[in-house]
Amino acid sequence: MAALFGVLFVARIGGARRALVMQRWPAFVLAGAALVALMRGAIMPAAGLGALAGLAWVLAPSLLVRRAAPPPEDPADTAARAVLGLARNASETDIRRAYRAKIARAHPDRGGAHADAARLTAARDRLLKGKRR
């Protein structure tokens, strides 16, 4: 009967509240066990289970969070970083600074090849576009 009540309770509440309940399910289980122990007259176990339920309410969300792996980087972004000689966590300022330093040597007006300058510009534009998203 209690399981049926629990299923109906979770089914009836809205999405945001359901997420809160599902994050803190150990607290609800322990609180239910505390109520059963209290109804049977076991006051000390009920108090202990109640304390554990309160602790679970506070700690369960942080302990049950699934740590997601960082998304894999696009190979084109990796290639663009290699062209500019940048690390993955480079800021917009770092990207612009590396571009200016490399384009000063690779610009066609300074004796560089047009293809090199175009490759540097494309790499800069790709990385800056990714920062703006």
Side-chain angles (χ1 to χ4, degrees):
M1 189 66 150
L4 179 63
F5 175 75
V7 170
L8 289 175
F9 177 73
V10 170
R12 295 281 300 159
I13 59 176
R17 288 193 184 124
R18 184 178 303 131
L20 176 71
V21 168
M22 295 310 288
Q23 283 179 347
R24 299 173 191 263
W25 67 266
F28 285 103
V29 170
L30 289 168
L35 285 174
V36 168
L38 190 60
M39 287 188 317
R40 296 192 64 159
I43 295 173
M44 292 306 287
L49 287 169
L52 284 175
L55 190 62
W57 182 266
V58 174
L59 294 179
S62 62
L63 294 176
L64 295 177
V65 171
R66 291 186 178 99
R67 306 282 192 265
E73 188 174 28
D74 187 8
D77 285 346
T78 304
R81 289 186 199 292
V83 167
L84 292 175
L86 294 170
R88 184 174 178 163
N89 60 351
S91 66
E92 286 187 34
T93 306
D94 295 335
I95 294 168
R96 293 178 198 281
R97 187 176 298 136
Y99 171 76
R100 280 191 211 107
K102 293 205 180 243
I103 198 70
R105 288 179 262 131
H107 198 276
D109 291 346
R110 304 238 180 199
H114 178 72
D116 292 339
R119 196 173 78 239
L120 288 169
T121 303
R124 179 205 56 188
D125 292 345
R126 176 160 187 90
L127 293 175
L128 288 177
K129 180 181 171 188
K131 290 290 183 182
R132 291 187 185 123
R133 282 187 236 156

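FYI, the numbering just counts along the sequence from 1.
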Within this structure, what is the [atom1]-[atom2] distance for the pair [X] and [Y], rounded to the nearest 0.5 Å?
X      : Y      : atom1 : atom2 : value
Ser91  : Arg97  : OG    : CZ    : 7.0 Å
Glu92  : Leu128 : CD    : CG    : 6.0 Å
Leu52  : Leu30  : CG    : CG    : 6.0 Å
Lys129 : Asp77  : NZ    : CG    : 10.0 Å

Can you see which heavy atom on [X] is nearest to which on [Y], and at what distance?
X      : Y      : value
Ala106 : Ala117 : O-CB, 3.8 Å
Gly50  : Ala34  : N-CB, 3.7 Å
Ala53  : Ala31  : CB-N, 3.7 Å

Ile103 with Leu86, same ILVMFWY side-chain cluster at under 4.5 Å:
yes
Quick one, Tyr99 and Thr121 - any side-chain contact, counting heavy atoms below 4.5 Å?
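In short, these two side chains touch, coming nearer than 4.5 Å.
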With sequence neighbours excluded, give me every side chain to side chain donor-acceptor pair (under 3.5 Å) pair touching residues 102-118.
Asp116-Arg119
Name all residues meeting the side chain to side chain contact (heavy atoms under 4.5 Å, CB included) criterion together with Ala122; count only those two or more places apart in sequence or in a different chain, and write none if there are none.
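Counting only residues at least two positions away or on another chain, Ala122 forms no side chain to side chain contact (heavy atoms under 4.5 Å, CB included).
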